Amino acid sequence: MKLTKSDCTLNEKDTLQDMLECEKQLMELYTTALFEGSTKSLRNNFSQNLLNVAENQYCIYTQMNTRGYYEPKPADKNSIDSAVSAFKKQKNSLKANG
């Protein structure tokens, strides 16, 4: 089977989604690198790169949201309360074990 260029071309939405996923992966990598950095200058470099990637990610998200490709739904009060409760339990558990 021979693929043509049109078989491998992403539409605008898929391209933006791919870019967003790449930026998220870069954020994870730079976060890990920042934690593992052994010198102040290296950590500063990773920190700056992380901030730049975060800005890129936000710009891509904004473009997707503007075009209707990415529409986050607001969290309902029960979901928020449940998350707060879970984190409080975890915090108390860490205090008790620490």
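Heads up: numbering here begins at 1 and tracks the sequence. What you see is a predicted model, and the numbers here were worked out from it, not measured in a lab.
Distance check: Asn49 CG to Thr31 OG1 gives 11.5 Å after rounding to the nearest 0.5 Å. Considering CG of Asn44 and CG of Leu34, their distance stands at 9.0 Å, rounded to 0.5 Å.
Pairing each heavy atom of Lys24 with each of Tyr70, the nearest pair is NZ-OH, 4.0 Å.
Residues Gln48 and Asn52 bring a donor and an acceptor atom of their side chains to less than 3.5 Å of each other. Using modelled atom types and a 3.5 Å distance limit, the side chains of Glu21 and Gln25 yield no donor-acceptor pair. At a cut-off of 3.5 Å, with distance as the only test, no side-chain donor of Asn65 or Thr62 sits close to an acceptor on the other residue. Using modelled atom types and a 3.5 Å distance limit, the side chains of Tyr58 and Glu23 yield no donor-acceptor pair.
Both Met19 and Met64 belong to a common hydrophobic cluster when Ile, Leu, Val, Met, Phe, Trp and Tyr are linked at side-chain heavy-atom distances under 4.5 angstrom. Under the 4.5 Å side-chain contact rule for hydrophobic residues, Tyr69 and Tyr61 share a cluster.
By the 4.5 Å heavy-atom criterion applied to side chains, Leu29 and Thr32 are not counted as neighbours. Side-chain contact between Lys89 and Ser85: present, with at least one pair of heavy atoms (C-beta onward) separated by less than 4.5 Å. Contact of the Phe46 side chain with the Leu42 side chain is registered, since non-hydrogen atoms from C-beta on lie closer than 4.5 Å. Lys13 places none of its side-chain heavy atoms less than 4.5 Å from the side chain of Arg67.
Listed for the Asn45 side chain is no donor-acceptor partner under 3.5 Å among the backbone atoms of Ser41. Listed for the Ser47 side chain is no donor-acceptor partner under 3.5 Å among the backbone atoms of Arg43.
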List the steps, then state whether side-chain hydrogen bond (donor to acceptor under 3.5 Å, both in side chains) holds for Thr15 with Asp18. CA-CA 5 Å; Thr15 300; Asp18 187 56; over 6 Å; no
